[in-house]
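Residue numbers begin at 1 in each chain, while the letters A, B, ... track the order of the sequences.
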Number of protein chains: 2
Amino acid sequence: MARHPEKDRNPTRSRAAILDAAEHLFAERGFQATSLNDVGAVAGVSRGTPGYFFGSKADLYRAVLDRCFAEVGEAVRTGRARALTGSHTPHAILAGAVGDYFDFLAARPNFIRLIEREALSAGGLLNGAGHLSAGQEALAAIAAELGLDESPSGDAAHVLLSIIALCWFHLIHARTVAPAVGVVLQSAEDLDRRKRHVVNLVLYGLRGLSGNLTPTLTGSSSHD
Amino acid sequence: MARHPEKDRNPTRSRAAILDAAEHLFAERGFQATSLNDVGAVAGVSRGTPGYFFGSKADLYRAVLDRCFAEVGEAVRTGRARALTGSHTPHAILAGAVGDYFDFLAARPNFIRLIEREALSAGGLLNGAGHLSAGQEALAAIAAELGLDESPSGDAAHVLLSIIALCWFHLIHARTVAPAVGVVLQSAEDLDRRKRHVVNLVLYGLRGLSGNLTPTLTGSSSHD
DNA sequence: GCTAACTTGCTATTCGACAAGCAAGCCCTC
DNA sequence: GAGGGCTTGCTTGTCGAATAGCAAGTTAGC
């Protein structure tokens, strides 16, 4: 009898299980409210194992953030490469990109919750090259696509920030602000309706930019 | 010698000082990370006084939220009354309202941080009649102004949620997402530029709603 | 002097960090 | 090739610090 296979020693598996458990718990309860005891319990190891592999609780938190950013950065890069392969009008490209980003965030609740908590803590640990470079890539892409000013605090940056805000906010506030103003976000159809609203708002809102837009975008009046 | 005058007994003043300190600390560090010791220290009372006046830490937290919602609800109500006194075009009224809401949130960092933390905690304590009624009032106002569907998850609700998202997001993420995508939000001019972008985005974006808008809005092409 | 407004002492609990212990496999030597 | 020691993975014991809540004490003002 080869013992219980799940009790075999496997540091790779243990590290991953601890990271998974910590990511979930940190995202769900926050750093202060999760104990290493909880992390060990969810990961299926003892209370001391997280400390054994990651040193301190703060180090474990940093490891969680690092892995999260690495995964998201990779997803953004491949997603953008895929978006550029099709040859559509700028209008359709932008609509597709906004819709994809909307779905992308919706599929990663741990990620947005971790960043949201990071934003609320004065720490400012958000210097990871992963997220920053993804933002800069998106900025360059949107500036090129729409012929906008790419400089810091230029039009392209504000447009990008607004897109993120619109794709992000309802995920955090689905149980607070959204129902308070009469937006229900429970079924998949609810989310889809929200998505269509956001895409439309961005597409038409771009026509109100201070500068003139490229004629190919302002001239087209139909979408999809 | 009449002792130190600030050491006089004054329950009203003490309660208010404790609520102020707790609001600031809860907003800044969160519920778990603030101790009643800290609250007492900031409020200028001893470590036991918060418990004496408010019972438990959770009760103090609820009291902070209650007072915060009451204040914000009142501010929303008076602000809306003031906005309705002027007789401008729907275009200008909406632009003014969005800009006012933008400034309103920027002036209340404790409020948005508390709600943000509330949204991240699974609790769902956001059933206070104060915030809910304010949202419903705003919904009715925007639906009437633009001639939109006021039903749950209707156009008016989505427009309102988008306005809130655009006025809210950059305040939380001024040190995280905003700089990552190239938006600097430090000086007053930076904030004003963001405000003008948001107002323009909303005004022009409304023309892309699925249904038709009232001609008074869609017909006007100049703003301010 | 009596009550309300605090303060201080105490206790139980939690939690992070460290240290010690234990077991499983790998390598090295004979 | 086998036996023993050594490294690595992981658990458990323990300590010290922080903290919430209660209870007893203390003072101020009517």
* Structure fact -> Rounded to whole Å, CZ of B:R13 lies from P of C:dC6 at a distance of 11 Å

* Asked: Excluding sequence neighbours, so at least two apart, what forms side-chain contact (heavy atoms from CB on, under 4.5 Å) with A:D192?
  -> A:K195, A:R196

* Structure fact -> Contact check, residues 16-41 of chain B vs DNA chain C, heavy-atom distance under 4.0 Å, returns none

* Asked: Any ion pair linking B:R13 and B:D20 (charged N to carboxylate O, less than 4.0 Å)?
  -> no

* Send over the distance from B:Y61 OH to D:dT19 C1', rounded to a whole Å. => 19 Å

* Look at atom CD of A:E137 and say whether more than 12 heavy atoms of other residues, nucleotides or ligands are closer to it than 6.0 Å. => yes

* Do A:R193 and A:D190 sit within salt-bridge range, that is, some charged N less than 4.0 Å from a carboxylate O? -> no

* To do: May I ask you to check whether A:F169 and B:F169 place their ring centers less than 6.0 Å from one another?
  => no

* Structure fact -> So salt bridge (Lys or Arg N to Asp or Glu O under 4.0 Å) across residues 162-171 of chain B, not counting sequence neighbours, yields none

* Would you kindly give the NZ-to-C1' distance between B:K57 and D:dA18, to the nearest whole Å? => 11 Å

* side-chain contact (heavy atoms from CB on, under 4.5 Å) partners of A:A143, counting only residues at least two apart -> A:E150, A:A156

* Whole angstrom value for the distance that separates P of C:dA4 from CZ of B:R15 -> 15 Å

* Between A:S56 and B:S14, name the one whose nearest nucleotide on DNA chain C is closer to the 5' end. => B:S14

* **With sequence neighbours excluded, residues passing side-chain contact (heavy atoms from CB on, under 4.5 Å) with B:R29** => B:L25, B:A33, B:T34, B:D38

* Asked: Which residues in residues 44-55 of chain A have at least one heavy atom lying under 4.0 Å from any atom of DNA chain C?
  -> A:R47

